[in-house]
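This report concerns only the one structure given below.
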There are 2 protein chains.
Amino acid sequence: MELTEARQKFIQGWGQLGASWGINRTMAQIQAVLLLATDPMSTDDIMADLQISRGNANMNIRELIAWGIVYKAFKPGDRKEYYYSEKSMWELAKKVSRERKKRELEPLLKMLDEVKSVKGSSAEAKEFKKVAQETRSMASRAESVLDMVMKLEENRFFKWLLPK
Amino acid sequence: MELTEARQKFIQGWGQLGASWGINRTMAQIQAVLLLATDPMSTDDIMADLQISRGNANMNIRELIAWGIVYKAFKPGDRKEYYYSEKSMWELAKKVSRERKKRELEPLLKMLDEVKSVKGSSAEAKEFKKVAQETRSMASRAESVLDMVMKLEENRFFKWLLPK
DNA sequence: ACAAACTTTCAGAAATAATTGAAAATATAA
DNA sequence: TTATATTTTCAATTATTTCTGAAAGTTTGT
């Protein structure tokens with residue numbers, strides 16, 4: 001397969017994956033482009049590559065930087081900003097987990113906490129308490145698993161898991 | 001807090017969570033309603049509860065059934081269909097993982113496989129191969145972790161993880 | 001200070017996704 | 001079979017999200 005075609009498929013697939021995780025498709029595609037780049041790219045490079053507008057490119061690059069998975073670079077004698085992606089898949093996964101934990105798990109736990117004090121002893125109220133309690137317990141467990149995995153070193157954990 | 005208010009917050013929060021996971025908000029809310037219900041509910045019950053149309057209710061109930069997290073029930077002498085949710089959080093988590101694995105991880109791995117045969121020895125081609133390989137490796141690992149966790153019994157795994 | 005190079009913002013346009021409601025299809029009972 | 005209850009479908013509408021492009025803002029060099 002030609003590099004051009006392969007690249008296209010990779011970028012598409014990555015965008016698709018992002019989309020089904022609630023991440024803007026273009027944001028994911030920019031990340032894919034930077035992941036495949038050998039050198040930092042300027043906004044114009046990215047605009048040309050993905051055929052998108054300046055505003056769109058700028059917004060999504062900024063968002064990637066906010067997620068901590070894309071960094072800025074500068075070239076001497078050039079005032080453009082250049083961008084490059086975090087290349088370690090492990091680091092990437094960790095940063096994405098951290099961000100999603102903050103954005104989703106934490107608000108959920110907060111809500112479950114607020115709702116804990118529900119009054120009443122009807123069947124509905126009892127069921128509510130039970131479900132809320134189980135949800136809280138599942139969410140905390142998920143959080144613990146994430147914390148644990150995030151702290152582990154790649155090799156230590158996965159070599160044990162997948163000795164091959 | 002009153003049950004009505006708490007219920008509202010739970011349903012809202014659940015819908016929010018679903019939305020950031022690429023799941024239709026209404027679908028997630030219906031699931032929340034059924035999770036909190038003490039008895040199976042009809043389409044009309046759900047329509048009334050969430051103030052949504054019949055078409056919308058029907059489509060999303062069907063989708064929940066396809067995910068394997070909502071079941072049908074019938075009452076003797078009544079030809080309406082009733083629906084109830086899987087109530088075990090653990091079962092729920094397992095079914096959702098299984099579904100997402102099928103919908104996201106598998107297509108990704110398929111794409112990475114197709115793209116494996118990329119030609120060329122330029123810096124770009126080399127980088128492409130490296131990134132594709134690392135992505136494949138990370139995706140397989142994720143799949144293994146999911147498979148592993150999905151096979152474990154709730155207590156066995158989590159009691160060890162969280163002894164408290 | 002001025003001008004050039006570059007980045008950011010944001011109102012409106014375009015694209016995408018979700019929802020409605022009524023008609024069609026299907027199932028059940030008499 | 002026929003009438004009735006119920007579920008499903010889907011074209012049209014509405015809501016939401018994303019994208020554009022030009023203007024405003026910022027930084028840097030002279």
Side-chain angles (χ1 to χ4, degrees), chain A residues 11-12 14-34 39-67 70-84 100 103-104, chain B residues 11-12 14-34 39-67 70-84 100 103-104:
Chain A
I11 292 167
Q12 279 303 113
W14 200 261
Q16 195 53 53
L17 188 69
S20 54
W21 280 71
I23 286 158
N24 178 309
R25 174 185 262 74
T26 303
M27 177 174 156
Q29 288 180 337
I30 293 177
Q31 212 271 318
V33 165
L34 291 176
D39 302 292
M41 293 172 76
S42 70
T43 301
D44 292 85
D45 296 336
I46 294 168
M47 285 166 62
D49 196 328
L50 292 175
Q51 297 282 305
I52 58 176
S53 72
R54 186 171 302 283
N56 195 8
N58 184 270
M59 260 178 27
N60 285 296
I61 292 168
R62 227 113 301 276
E63 188 67 5
L64 286 165
I65 291 172
W67 278 63
V70 162
Y71 312 106
K72 285 186 189 182
F74 298 91
K75 296 193 185 177
D78 185 345
R79 54 208 242 194
K80 271 208 192 72
E81 290 181 354
Y82 290 80
Y83 309 98
Y84 62 100
R100 297 193 68 108
R103 295 182 188 211
E104 290 147 33
Chain B
I11 292 167
Q12 278 305 111
W14 201 261
Q16 195 53 53
L17 188 70
S20 54
W21 280 71
I23 286 159
N24 178 309
R25 173 185 263 79
T26 302
M27 177 174 155
Q29 288 181 338
I30 293 178
Q31 212 271 318
V33 165
L34 292 175
D39 303 290
M41 294 172 77
S42 70
T43 302
D44 292 85
D45 296 336
I46 293 168
M47 285 165 63
D49 196 329
L50 292 174
Q51 297 282 305
I52 58 176
S53 72
R54 186 172 302 283
N56 195 6
N58 184 269
M59 259 180 28
N60 284 296
I61 292 168
R62 226 116 304 275
E63 188 67 3
L64 286 165
I65 291 173
W67 278 62
V70 162
Y71 312 107
K72 286 188 189 181
F74 297 92
K75 296 192 184 178
D78 184 344
R79 54 210 240 195
K80 270 207 191 74
E81 289 181 354
Y82 290 80
Y83 310 98
Y84 62 100
R100 297 193 69 107
R103 295 181 188 212
E104 291 147 34

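Scope of the values below: all heavy atoms of this structure, side chains included, with no hydrogens, waters or symmetry mates. Every chain is numbered from 1 and lettered A, B, ... according to where its sequence line falls, protein lines coming before strand lines. Every value quoted in this text rests on a predicted model; they were computed, and no experiment measured them.
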Minimum heavy-atom separation for A:Lys72 to A:Tyr84, with atom names?
O-CE2, 3.5 Å
Could you check whether any side-chain N or O of B:Arg100 sits under 3.5 Å from a backbone N or O of B:Trp21, counting only pairs where one atom can act as donor and the other as acceptor?
yes
Can you tell me if the side-chain N/O atoms of B:Asn56 get under 4.0 Å from OP1 or OP2 in C:dT20?
yes
Starting at atom CE of B:Met41, determine the distance to atom P of D:dT7, rounded to an integer number of angstrom.
14 Å
Where A:Asp45 and A:Ser42 come nearest, the two heavy atoms and their spacing
OD2-N, 2.9 Å
May I have the distance from B:Lys80 (atom NZ) to C:dA27 (atom C1'), rounded to whole angstrom?
15 Å
Interatomic distance, A:Arg62 CZ vs C:dC10 C1' [rounded to whole Å]:
16 Å
Consider the side chain of B:Thr26, meaning its heavy atoms from C-beta on, and name the nucleotide among C:dA18, D:dC19, D:dT6 that approaches it most closely.
C:dA18
In whole angstrom, what separates B:Arg54's CZ from D:dC10's P?
18 Å
Can you list the steps and then say if A:Gln12 with A:Gln29 is a side-chain hydrogen bond (donor to acceptor under 3.5 Å, both in side chains)?
CA-CA 7 Å; A:Gln12 279 303 113; A:Gln29 288 180 337; 3.2 Å; yes
Candidate nucleotides D:dT8, C:dT20, C:dT7, ranked by approach to the side chain of B:Ser53 - the nearest
C:dT20
Short side-chain N/O contact from A:Thr43 to OP1 or OP2 of C:dC6, under 4.0 Å
no
Take atom CD1 of A:Ile23 and atom C1' of C:dT16, then tell me their distance rounded to the nearest Å.
18 Å
Measure from NZ on B:Lys75 to P on D:dA5 and round the result to the nearest Å.
18 Å
Does a side-chain N or O of A:Asn58 approach OP1 or OP2 of C:dT7 to a distance below 4.0 Å, or not?
no
Using a 4.0 Å heavy-atom cut-off, does A:Asp78 contact any base of the nucleic acid, only the sugar-phosphate backbone, or nothing at all?
sugar-phosphate
Please report the distance, rounded to the nearest Å, between CZ in A:Arg25 and C1' in C:dA17.
12 Å
On DNA chain D, check which nucleotide each of A:Asn24 and B:Met59 is closest to and give me the residue with the more 5' one.
B:Met59
For A:Gln51 and B:Gly55, take the nucleotide of DNA chain D holding the closest heavy atom to each; which residue's nucleotide lies nearer the 5' end?
B:Gly55
Measure from CE on B:Met47 to P on D:dT7 and round the result to the nearest Å.
10 Å
Which one, C:dT20, D:dT4, D:dT7, comes nearest to the side chain of B:Arg79?
D:dT4
Heavy-atom pair with the smallest gap, counting every atom of B:Met27 and B:Glu63
SD-CG, 3.3 Å
Side chain of A:Tyr83 only, heavy atoms from C-beta on: which candidate in D:dT7, D:dT20, C:dT8 is closest?
C:dT8
